[in-house]
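Structure record follows, encoded as structure tokens.
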Amino acid sequence: MATEDSMDVTIGQSNSTMSSQDLIVPGAGAIDITPNVDGGVLKEILREGVGDDGPFEGEQVFVHYLGQLPDGTKFDSSRDRGDKFDFVLGKGRVIKAWDLGVATMKRGEVARFFCRSDYAYGETGSPPRIPPNATLVFEVELFDWKMEDISKAKDEGILRRTLKKGEGYTSPNEGALVNIHIVGRHNDIQFDDRSVQFNIGEGSEQDIPDGIEVALEKFKKGEKSLVKLSPAYGFGSKPMEKFNLPPNADLEYEVELKSFEKAKESWEFDVEEKIEQAKIFKDKGTQYFKEGKYSLASKQYSKIVSFLEFEKTLKDEKLKEKDQLLLAAHLNVSMCALKMENHIEARDSATKALEIDSENEKGLFRRGMAHSALAEPELALRDFEKIVSKDPNNKAALNQIAICKAKIKELTQREKQLYSNIFRKMAEQDKLACGNNSWSCGWWDDKQRGVNLDVDLKKVEREKQQELEMAKAQRRKEIAALRQRTQEIKKAREEAKRREEEAKRLEEESEQKVETFPENSNPPLSNCGVVEKK
């Protein structure tokens with residue numbers, strides 16, 4: 001990788017020539033890289049790069065550059081600022097010449113690009129540094145690039161490289177019927193090669209990893225891309241015996257989206273249709289649950305929530321029907337989460353069910369089980385005792401009450417043992433301070449640097465108990481605050497998802513009415529440095 005000093009040396013050895021008017025002009029080795037070979041962008045390699053690969057559209061590239069007018073006037077330099085410049089390639093976020101030019105480079109390459117005004121800033125220029133209709137000269141060094149991160153968490157768990165662009169403006173959505181061809185590899189060994197059709201959200205029925213389903217929601221029809229998955233988005237910590245894959249395997253897929261049929265979005269249904277669709281989700285989820293496919297079942301029940309949670313227009317019997325469907329959905333999500341040992345989601349979903357029906361025994365029991373699994377026996381005990389107050393013969397709740405009391409007793413004994421150890425150490429200090437083998441009742445007094453023997457043992461015990469109760473009360477407050485914060489975050493995420501769906505709908509509507517730009521013009525660009533079109 002070249003340093004700044006080596007860059008300067010390399011540029012100094014350029015094959016470009018200067019005319020008698022000291023203009024920078026292309027050397028004999030410059031080539032036309034425009035698609036129509038119209039001379040709009042000429043490239044001259046100043047230093048060859050390494051390897052065979054270059055960056056692809058959608059990938060984040062990292063460069064240093066020097067921008068000059070043909071007379072040698074410098075108008076910008078990333079090196080002067082001390083930071084590399086990065087941008088997403090091929091998305092129109094920089095001038096057209098940059099999207100074309102950087103896509104032809106290799107890692108470590110240094111190149112000079114001669115950019116005609118219609119591939120740069122056009123008739124208006126970028127005052128005051130770039131005049132109208134200006135041809136520009138850029139010297140660019142490509143350091144590195146990253147594959148496009150399309151994971152929702154932006155944790156680089158799903159990376160995409162577009163091998164062939166798709167067509168149109170729309171992409172599959174949750175529930176869409178997709179027809180794809182995939183080739184899967186692990187450590188360069190192929191383990192899968194097939195065409196498959198499925199509904200997004202139910203790909204695991206066809207042994208499709210979750211990460212591929214997430215990626216497909218970014219694809220266009222006909223697109224072919226390389227997709228890399230971390231274990232969390234692949235098959236996880238369990239071995240996939242069907243494909244002879246070990247636990248925690250990193251995966252690489254070539255995915256081609258042959259065709260798809262979008263599922264109707266929730267906003268496309270009227271109120272009556274939403275309720276009917278929710279019933280279909282419920283039946284489908286129940287079938288998956290009976291088959292032990294808890295993740296798929298949970299997705300179906302969660303769709304009920306997304307369809308009905310924010311529906312505020314229903315009244316009377318329809319309102320009751322909606323609430324009953326939502327109640328069942330939250331309860332069933334909680335049960336699925338318990339089966340998958342996702343105890344936080346189990347607790348939160350049960351709590352949402354209890355917001356609809358505070359006396360619901362299933363909601364109380366499932367939240368109690370989640371609390372118990374989260375080492376919160378006091379909170380679990382409250383839920384189980386509330387069940388028994390309504391149904392004294394509920395054997396399952398009575399059994400859990402006994403378990404919770406045993407856990408609380410065990411925790412109390414541990415706390416007593418902890419305090420006992422502390423006081424035993426203090427007593428050891430007393431004995432050493434007395435200078436003899438006799439034991440004294442008291443404690444070490446730092447101010448007196450000795451043992452205080454004027455001790456009210458009952459008072460000490462009371463104070464110890466008070467401190468213990470205060471600690472427990474503080475812990476309960478912290479748990480309550482954490483639970484409230486978790487609920488707030490979940491509500492915020494749900495609202496963000498709803499807004500994202502609405503924005504996606506509006507975006508698709510606007511894309512269908514997209515403005516057509518003349519062949520040699522640049523679209524409006526976002527702010528990304530001097531190389532953007534102003």
Short question: side chain of [X], backbone of [Y] - any donor-acceptor pair under 3.5 Å?
X	Y	value
Thr351	Arg347	yes
Ser372	Pro377	no
Tyr301	Thr286	yes
Asn399	Lys395	no
Gln400	Ala397	no
Asp99	Gly92	yes
His186	Asp250	yes
Ser302	Ser298	yes
Asp86	Val61	no

If the condition is side-chain contact (heavy atoms from CB on, under 4.5 Å), which residues does [X] pass it with, not counting sequence neighbours?
X	answer
Gln190	Val183, Arg185, Asp193
Glu148	Ile150, Arg160
Asp149	Ser151, Lys154, Glu156, Leu159
Phe56	Glu59, Arg161, Leu163

Check the pair Phe219, Val255 against side chain to side chain contact (heavy atoms under 4.5 Å, CB included), reporting the backbone distance first and the verdict last. CA-CA 10 Å; Phe219 275 47; Val255 184; 4.0 Å; yes
Looking only at heavy atoms, which two atoms of [X] and [Y] are closest? And how far apart?
X	Y	result
Leu257	Leu216	CD1-CD2, 4.4 Å
Gly175	Asn199	O-ND2, 3.1 Å
Leu325	Ala278	CD1-CB, 4.1 Å
Gly368	Ala380	O-CB, 3.3 Å
Gly363	Ala350	O-CB, 3.6 Å
Glu213	Gly203	OE1-N, 3.1 Å

Just grab all the ring pair (Phe, Tyr, Trp, His ring centres under 6.0 Å) pairs involving residues 195-216, residues at least two apart or on different chains.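 Not a single pair qualifies under ring pair (Phe, Tyr, Trp, His ring centres under 6.0 Å).
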Of all pairs that satisfy ring pair (Phe, Tyr, Trp, His ring centres under 6.0 Å), the ones with a partner from residues 376-412, not counting sequence neighbours: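 Counting only pairs at least two positions apart or across chains, the ring pair (Phe, Tyr, Trp, His ring centres under 6.0 Å) contacts touching residues 376-412 are Phe365-Phe384.
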Any [X] side-chain heavy atom under 4.5 Å of [Y] side chain:
X	Y	answer
Tyr288	Glu202	yes
Phe143	Lys84	yes
Lys221	Lys258	no
Lys322	Leu326	yes
Arg476	Glu378	no
Ile403	Ile401	no
Met335	Lys362	no
Tyr253	Ile180	no

Nearest 0.5 angstrom please: [X] [atom1] to [Y] [atom2], how far?
X	Y	atom1	atom2	result
Leu251	Ile212	CG	CD1	8.0 Å
Ser306	Glu265	OG	CD	9.5 Å
Asn393	Leu398	CG	CG	7.5 Å
Ser225	Lys218	OG	NZ	12.5 Å
Glu273	Ser266	CD	OG	12.0 Å
His343	Leu338	NE2	CG	7.0 Å

Classify the ring geometry of Phe307 against Phe281: parallel below 30°, tilted from 30° to 60°, perpendicular beyond 60°.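 Rings of Phe307 and Phe281: perpendicular, over 60°.
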Using residues 231-245 as the side-chain source, report each donor-acceptor pair under 3.5 Å to any protein atom, sequence neighbours left out, with the distance given to one decimal.
residue : atom : partner : partner atom : Å
Tyr233  : OH   : Asp155  : OD1          : 3.3
Tyr233  : OH   : Asp155  : OD2          : 2.8
Lys242  : NZ   : Asp207  : OD2          : 2.6

Should we say atom CD of Glu355 is surrounded by more than 12 heavy atoms from elsewhere, each under 6.0 Å from it?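 It does: Glu355 CD has more than 12 such atoms within range.
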Over 12 foreign heavy atoms within 6.0 Å of CD, Glu469: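 Enclosed: over 12 neighbouring heavy atoms sit under 6.0 Å from CD of Glu469.
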Partners of [X] by salt bridge (charged side-chain N to carboxylate O under 4.0 Å, His left out), sequence neighbours excluded?
X	result
Asp192	Arg194
Lys224	Glu254
Glu345	none

Residues [X] and [Y] bridged, charged N to O under 4.0 Å:
X	Y	result
Glu205	Lys293	yes
Glu359	Lys390	yes
Glu167	Lys220	no
Lys279	Glu321	yes
Lys386	Glu361	no
Asp53	Arg107	no
Lys274	Glu311	yes

Would you check if there is a donor-acceptor pair between the side chains of Glu217 and Asn173 at a distance under 3.5 Å?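 On atom types as modelled, these side chains do not qualify, holding no pair under 3.5 Å.
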Side-chain donor-acceptor contact under 3.5 Å, His330 with Ser349: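 The criterion, which ignores hydrogens and geometry beyond distance, is not satisfied for Ser349 and His330.
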Inter- and intrachain pairs under salt bridge (charged side-chain N to carboxylate O under 4.0 Å, His left out), touching residues 366-376, at least two apart: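 Those involving residues 366-376 are Arg367-Asp383.
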With sequence neighbours left out, write down each residue that passes side-chain hydrogen bond (donor to acceptor under 3.5 Å, both in side chains) with Gln287, or none if nothing qualifies.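 Residues passing side-chain hydrogen bond (donor to acceptor under 3.5 Å, both in side chains) with Gln287: Glu291.
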